[in-house]
> 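Below is a structure I'd like to ask you about.
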Amino acid sequence: QVQLVESGGGLVQAGGSLRLSCAASGRTFSGFAMGWFRQAPGKERESVAAISWGRTSTFYADSVKGRFTISRDNVKNTVYLQMNSLKPEDTAVYYCAATTTVVLTTKPDEYDYWGQGTQVTVSS
C-alpha cells in the first residue's frame, strides 16, 4: 500500500502562515497527481489544491487563490502546501491524497490513497 503522512498543522492566528507536508512511502507514486483536501466539522470534504506529476498543471479553490501554494519534490516523495494569510474559515482537518488519473481532478472519489489528516486551527 501507498502510505501518506501529513504533518505541519497546528494553531495559528489569523494572518499567519503554516506549511503542510505530505510524505509518501511504500509503493512509488511516480506519475500520480496529488491533491490537498480539507474538511471542517459539519462540512463536506472540499478540494483545496492539486498538482500534476510534472508540476506543469495546478488547481486552486477560489477561496485560497493567492494565499496557498502547492508544490512537490518528487525525489523526496513529498508534497507541500504553503498557506499564507490564514483566515478562521481555513480551520479544518487537511488531507493529502494521490490519484492515478492523468488529468487533475478535484473529486474525492477519484483519489486512491489518503493520509490521516492534520489539524489546522486559525484563531481570530
Side-chain angles (χ1 to χ4, degrees):
Q1 292 182 321
V2 172
Q3 300 173 20
L4 305 175
V5 180
E6 303 95 337
S7 62
L11 175 64
V12 65
Q13 292 183 343
S17 298
L18 286 173
R19 188 194 192 206
L20 305 184
S21 298
C22 174
S25 62
R27 183 178 180 272
T28 179
F29 67 175
S30 295
F32 287 22
M34 302 293 297
W36 285 96
F37 294 79
R38 67 186 182 188
Q39 188 164 23
K43 299 282 289 184
E44 295 182 0
R45 192 184 309 161
E46 64 176 345
S47 176
V48 176
I51 186 168
S52 64
W53 171 254
R55 304 176 351 265
T56 58
S57 182
T58 58
F59 162 83
Y60 295 97
D62 288 342
S63 60
V64 306
K65 283 182 179 178
R67 299 189 298 119
F68 290 12
T69 303
I70 187 171
S71 62
R72 66 191 298 169
D73 184 333
N74 291 343
V75 174
K76 296 181 178 180
N77 281 344
T78 302
V79 183
Y80 306 95
L81 186 68
Q82 179 66 45
M83 306 186 295
N84 298 326
S85 301
L86 283 162
K87 304 174 181 179
E89 54 261 43
D90 295 319
T91 295
V93 177
Y94 283 71
Y95 301 89
C96 68
T99 176
T100 57
T101 59
V102 65
V103 179
L104 291 184
T105 178
T106 61
K107 300 177 180 178
D109 60 3
E110 294 185 357
Y111 281 78
D112 303 296
Y113 305 100
W114 292 84
Q116 292 299 112
T118 185
Q119 177 71 47
V120 172
T121 302
V122 184
S123 65
S124 61

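Numbers for residues simply follow the sequence, beginning at 1.
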> Hey, quick one: are L18 and M34 part of the same hydrophobic cluster, counting side-chain heavy atoms closer than 4.5 Å, chains of contacts allowed?
yes
> Name all residues meeting the ring-ring contact (aromatic ring centres under 6.0 Å, His included) criterion together with Y95; count only those two or more places apart in sequence or in a different chain, and write none if there are none.
none
> State, with a plain yes or no, whether a side-chain heavy atom of V48 is found less than 4.5 Å away from one of Y94.
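V48 vs Y94: side chains touch.
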> A side-chain contact here means heavy atoms from C-beta on lying under 4.5 Å apart; do R72 and W53 qualify?
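R72 reaches W53 side chain to side chain.
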> Where is the tightest heavy-atom contact between R67 and S85, given as atom of each residue plus distance?
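That would be NH1-O, 3.0 Å.
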> Within this structure, what is the OG1-CG distance for the pair T99 and L104, rounded to the nearest 0.5 Å?
9.5 Å
> Using distance alone, with no hydrogens and no angle criterion, decide if S123 and Q13 have a side-chain donor and acceptor under 3.5 Å apart.
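Short answer, no.
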> Once rounded to the nearest 0.5 Å, what's the spacing between atom OG1 of T118 and atom CH2 of W36?
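Going from the OG1 atom of T118 to the CH2 atom of W36 covers 7.5 Å.
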> For the atom pair CD (Q3) and OG (S25), what is the distance rounded to the nearest 0.5 Å?
4.0 Å
> Let me confirm one number: the CD1-CD1 distance from I51 to I70, rounded to the nearest 0.5 Å.
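It is 5.5 Å, given to the nearest 0.5 Å.
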> If you define the side chain from C-beta out and look only at heavy atoms, does anything of D90 sit under 4.5 Å from F68?
yes
> If you take all heavy atoms of A97 and L4, which pair is closest and at what distance?
CA-CD1, 3.9 Å
> Please enumerate all residues that pass salt bridge (Lys or Arg N to Asp or Glu O under 4.0 Å) together with K65, with sequence neighbours excluded.
D62
> Do F59 and T105 come within less than 4.5 Å of each other through their side chains, counting heavy atoms only?
no
> Checking side-chain contact (heavy atoms from CB on, under 4.5 Å) for the pair Y111/F37: CA distance, chi angles, key distance, verdict?
CA-CA 11 Å; Y111 281 78; F37 294 79; 3.5 Å; yes
> Which pair of non-hydrogen atoms, one from V12 and one from G16, has the smallest distance, and what is that distance?
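Shortest heavy-atom contact: CG2-CA, 3.8 Å.
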> So does C96 get a backbone contact from the side chain of E6, meaning a donor-acceptor N/O pair under 3.5 Å?
yes
> Are V120 and V122 side-chain neighbours, meaning at least one heavy-atom pair lies under 4.5 Å?
yes
> Check whether more than 12 heavy atoms from other residues, nucleotides or ligands sit under 6.0 Å from atom CD of Q116, and answer yes or no.
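Open: at most 12 neighbouring heavy atoms sit under 6.0 Å from CD of Q116.
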> Taking atom types as modelled and ignoring hydrogens, do the side chains of S17 and N84 form a donor-acceptor contact shorter than 3.5 angstrom?
yes
> I need the single residue from E89, E44, E46 that forms a salt bridge (Lys or Arg N to Asp or Glu O under 4.0 Å) with R38. Which is it?
E46
> Is there a side-chain contact between M83 and L20 in this structure, where contact means two heavy atoms from C-beta onward sitting under 4.5 Å apart?
yes
> T69: which residues meet the side-chain contact (heavy atoms from CB on, under 4.5 Å) condition with it, sequence neighbours left out?
Y60, Q82
> Quick check: closest heavy atoms across A40 and A92, and the distance to 0.1 Å?
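Smallest heavy-atom distance, with atoms named: N-CB, 3.9 Å.
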